[in-house]
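Below: the structure, in structure tokens.
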Amino acid sequence: MAKKIIFIHGRAQKPAENDLKVLWYESVSHGLHRDFGDAGQTLFNNVAKEFVYYGNFSNAFLGVPDEDPASRFEALETLKGYTKGQFGKSTYKKVSKAGFLKEALADTFSAVLGKLHLAQPLIAAVAPDMAHYWEEEESYFGSDIRNTLTPRLQAAFDNDDQILLVAHSLGTMISYDNLWKFSHYGEYRHQYGSNKKVDLFITLGSPLSDENVKAKLKGADHAGRKKYPTNIRQWCNIAAEDDYISHDGKLRNDYKDMMKLGMVSGGIRDIHPIYNLNVRNGKSNPHSSIGYLINPQFTEVLHEWLSRPDTPASAND
């Protein structure tokens, strides 16, 4: 048994696996050092961690090569220049003046458009890989990218690790569906089910509160405990101002039945809004993963978890 962090990235074109992993780990490490000094950074350096990568599947579907990471590293260096106190509204207003993908694009995920049967083609236009994730009958894409996470989670459960699962964007959907599988699929539920739990599930820039997304998640057609994963001890959702993917911003009200059923002993917490200061290629990107990972609000939640007493996956709530 050990503490273990499992990271899984989000949608769109991605750099090669090692480049993206370095970007994520550098972002997290810098934030911890900035806010908690050498001791905080050492906690992260010493913890077991895995980076789940499915960019090869995304890039192949989108018909693009591995992205050149140079602009991402340049953006990270700019983010490293901010003090903890600068991650606020006033700084965000300054960096977003250059323009960005507006909150208005969140309409592509709205329940109103869903009722008009317009949401799916519009989602496909704005986030084609996200739409493609749901096309189980026409593609192996969804199952392929879910399977990048499944064996990592299974190994951590088998080792009785204290698991922190950090997911961004489409990665939050992949994570949720995997957790539901371990809870309810016949090949998993007897050995795992609610017997092995993720200690903390952190979702960043997540669309899981969107009505159209919720309708397509695993378990959506069920009721009661069968509708939800049974293996989340605590859930923290972090959403940035103007992030068009997590436009609702709050998950707690959408999954309140999980708490009523006593399925999340540590509760569901929303942190919204935070201010994602990432600027890449001259444009503000409030959905940026590294902008989330380096933000003091995420850093505080992570540091609290790293400082917790050890709690194995099989521990009773």
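Numbers here simply count residues along the sequence, with the first being 1.
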[X]-[Y] side chain donor-acceptor pair, cut-off 3.5 Å:
X	Y	answer
Y188	Q154	no
H287	S169	yes
T230	S183	yes
N178	T150	yes
S96	S284	no
N276	N278	no

salt_bridge([X], [Y]) N-O dist < 4.0 Å:
X	Y	value
E17	K21	no
R280	E77	no
D254	K214	yes
D19	K14	no
K218	D177	no
D310	K3	yes
D257	K227	no
D270	R252	no
E241	K89	no
E50	K4	yes

Of all the heavy-atom pairs spanning [X] and [Y], show the shortest one and how long it is.
X	Y	result
G31	T299	O-CG2, 3.4 Å
D66	Q13	C-NE2, 4.2 Å
L293	V166	CD2-CG1, 4.3 Å
Q86	T91	O-OG1, 2.7 Å
I274	I271	CG2-CG2, 3.8 Å
I163	K197	CD1-O, 4.5 Å

* What's the verdict on side-chain hydrogen bond (donor to acceptor under 3.5 Å, both in side chains) for D243 and S246, showing C-alpha distance, side-chain angles and the deciding distance? -> CA-CA 6 Å; D243 184 341; S246 62; 3.2 Å; yes

Neighbour count >12 (heavy atoms, 6.0 Å) for atom [atom1], [X]:
X	atom1	result
E300	CD	no
E304	CD	yes
K49	NZ	yes
K93	NZ	no
R34	CZ	yes

Is there a side-chain contact between [X] and [Y] (heavy atoms, below 4.5 Å)?
X	Y	value
N147	Y54	no
Y82	I294	no
W235	L208	yes
T42	L32	no
V279	T78	no
N195	S314	no
I8	S175	yes
R72	E67	yes

* Asked: Could you go step by step and tell me if S206 and T172 meet the side-chain hydrogen bond (donor to acceptor under 3.5 Å, both in side chains) rule?
  -> CA-CA 6 Å; S206 174; T172 69; 2.8 Å; yes

* To do: Begin with the C-alpha distance, continue with both residues' side-chain angles, and end with the deciding distance and a verdict on salt bridge (charged side-chain N to carboxylate O under 4.0 Å, His left out) for K181 and E187.
  => CA-CA 9 Å; K181 279 173 38 178; E187 61 265 41; over 6 Å; no

* Co-membership, hydrophobic cluster, residues M1 and L165, 4.5 Å side-chain -> no

Parallel, tilted or perpendicular for [X] and [Y], by the 30°/60° rule?
X	Y	result
F157	Y192	tilted
F51	F7	tilted
H9	Y53	tilted

* When the ring centroid of Y275 is compared with that of F87, is the distance short of 6.0 Å? -> no

* Asked: Is the F141-F61 ring centre distance short of 6.0 angstrom?
  -> yes

* Trace of the salt bridge (charged side-chain N to carboxylate O under 4.0 Å, His left out) decision for D199 with R308 -> CA-CA 11 Å; D199 191 49; R308 287 181 185 180; 3.1 Å; yes

* To do: Calculate, to the nearest 0.5 Å, the distance between atoms CD1 and CG belonging to I174 and L179 respectively.
  => 12.0 Å

* To do: Test side-chain contact (heavy atoms from CB on, under 4.5 Å) on F201 and R233 and set out the steps.
  => CA-CA 8 Å; F201 182 30; R233 190 168 285 129; over 6 Å; no

